[in-house]
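Encoded as structure tokens, the structure appears first; notes follow it.
Nothing fancy with the numbering, it's 1 onward along the sequence.
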Amino acid sequence: QVQLVESGGGLVQAGGSLRLSCAASGRTFSSYHKGWFRQAPGKGREFVAAISWNDGSTNYADSVKGRFTISRDNAKNTVYLQMNSLKPEDTAVYYCAAVRGWTFPVVEKGWEYWGQGTQVTVSS
């Protein structure tokens with residue numbers, strides 16, 4: 001069983017930065033792929049970024065490439081999402097997720113564990 005708790009959300013002006021953190025319980029968290037998703041009001045949950053548990057390879061949604069960076073600290077059981085050059089359209093509730101397996105999906109379906117979400121609001 002893995003429990004995920006996000007933090008670091010808030011209100012920021014366009015062009016600003018935030019770093020989200022996702023702390024996990026469970027000794028085997030290092031062997032899970034980790035991901036970030038977001039859900040804006042009235043929209044479905046969309047993939048943002050993910051990092052592989054084994055080689056650390058990453059994958060990003062086109063909308064955030066070059067602006068967001070996902071990273072992990074296995075010693076702290078934590079995954080991060082550094083968000084730079086934020087835009088109003090980045091406003092959403094951000095969720096972290098975890099899944100085991102050979103690879104990770106880039107859609108919501110298939111991820112095993114989810115956090116409760118943290119609100120990110122970008123003002124224009």
Side-chain angles (χ1 to χ4, degrees):
Q1 188 75 9
V2 173
Q3 291 185 323
L4 306 174
V5 179
E6 303 96 335
S7 61
L11 174 64
V12 63
Q13 288 188 331
S17 298
L18 282 175
R19 189 177 81 155
L20 305 183
S21 300
C22 175
S25 64
R27 293 176 294 175
T28 61
F29 186 61
S30 60
S31 63
Y32 284 73
H33 305 296
K34 295 99 172 152
W36 287 95
F37 287 75
R38 66 187 181 186
Q39 187 168 17
K43 295 187 177 181
R45 195 170 297 187
E46 67 171 353
F47 173 80
V48 175
I51 186 166
S52 173
W53 75 267
N54 46 6
D55 63 3
S57 58
T58 57
N59 195 325
Y60 295 92
D62 288 343
S63 59
V64 306
K65 279 181 182 176
R67 300 188 299 122
F68 291 11
T69 302
I70 187 171
S71 62
R72 63 186 182 183
D73 186 332
N74 288 335
K76 295 183 178 180
N77 267 5
T78 301
V79 59
Y80 304 97
L81 185 68
Q82 178 66 44
M83 305 186 295
N84 299 328
S85 303
L86 283 161
K87 305 175 182 179
E89 51 264 44
D90 294 318
T91 295
V93 177
Y94 283 71
Y95 299 88
C96 68
V99 66
R100 290 168 292 187
W102 289 108
T103 186
F104 53 77
V106 293
V107 295
E108 180 181 3
K109 184 178 180 180
W111 290 81
E112 295 178 68
Y113 298 102
W114 293 88
Q116 84 289 348
T118 185
Q119 176 71 46
V120 171
T121 303
V122 185
S123 63
S124 57

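Residues that satisfy the ring pair (Phe, Tyr, Trp, His ring centres under 6.0 Å) test with Phe104, not counting sequence neighbours, are His33. Residues forming a salt bridge (Lys or Arg N to Asp or Glu O under 4.0 Å) with Arg19 (at least two apart in sequence, or on another chain): none. Residues meeting the ring pair (Phe, Tyr, Trp, His ring centres under 6.0 Å) test with Tyr60, sequence neighbours left out: none. Taking the salt bridge (Lys or Arg N to Asp or Glu O under 4.0 Å) definition, one finds that Lys43 meets it with nothing, sequence neighbours left out.
Taking the six-membered ring where the residue is Trp, Tyr94 and Phe68 present tilted rings, their angle falling between 30° and 60°.
Under the 4.5 angstrom side-chain criterion for Ile, Leu, Val, Met, Phe, Trp and Tyr, Trp53 has no cluster partners at all. Membership of an apolar cluster is not assigned to Val107, as no side-chain contact below 4.5 Å to another ILVMFWY residue is traced.
Between Arg38 and the options Thr91, Asp90, Val93, a side-chain contact (heavy atoms from CB on, under 4.5 Å) holds for only Asp90. For the side-chain contact (heavy atoms from CB on, under 4.5 Å) with Met83, the lone residue among Val12, Thr69, Val48, Leu20 that qualifies is Leu20.
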Show your working on side chain to side chain contact (heavy atoms under 4.5 Å, CB included) between Gln82 and Ser17 and close with a plain yes or no. CA-CA 8 Å; Gln82 178 66 44; Ser17 298; 4.0 Å; yes
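Judged by the 6.0 Å distance and 45° axis criteria, Arg45 is positioned over the aromatic ring of Trp114.
In this structure, the side chain of Lys87 does not engage the main chain of Ser85 through any donor-acceptor pair within 3.5 Å.
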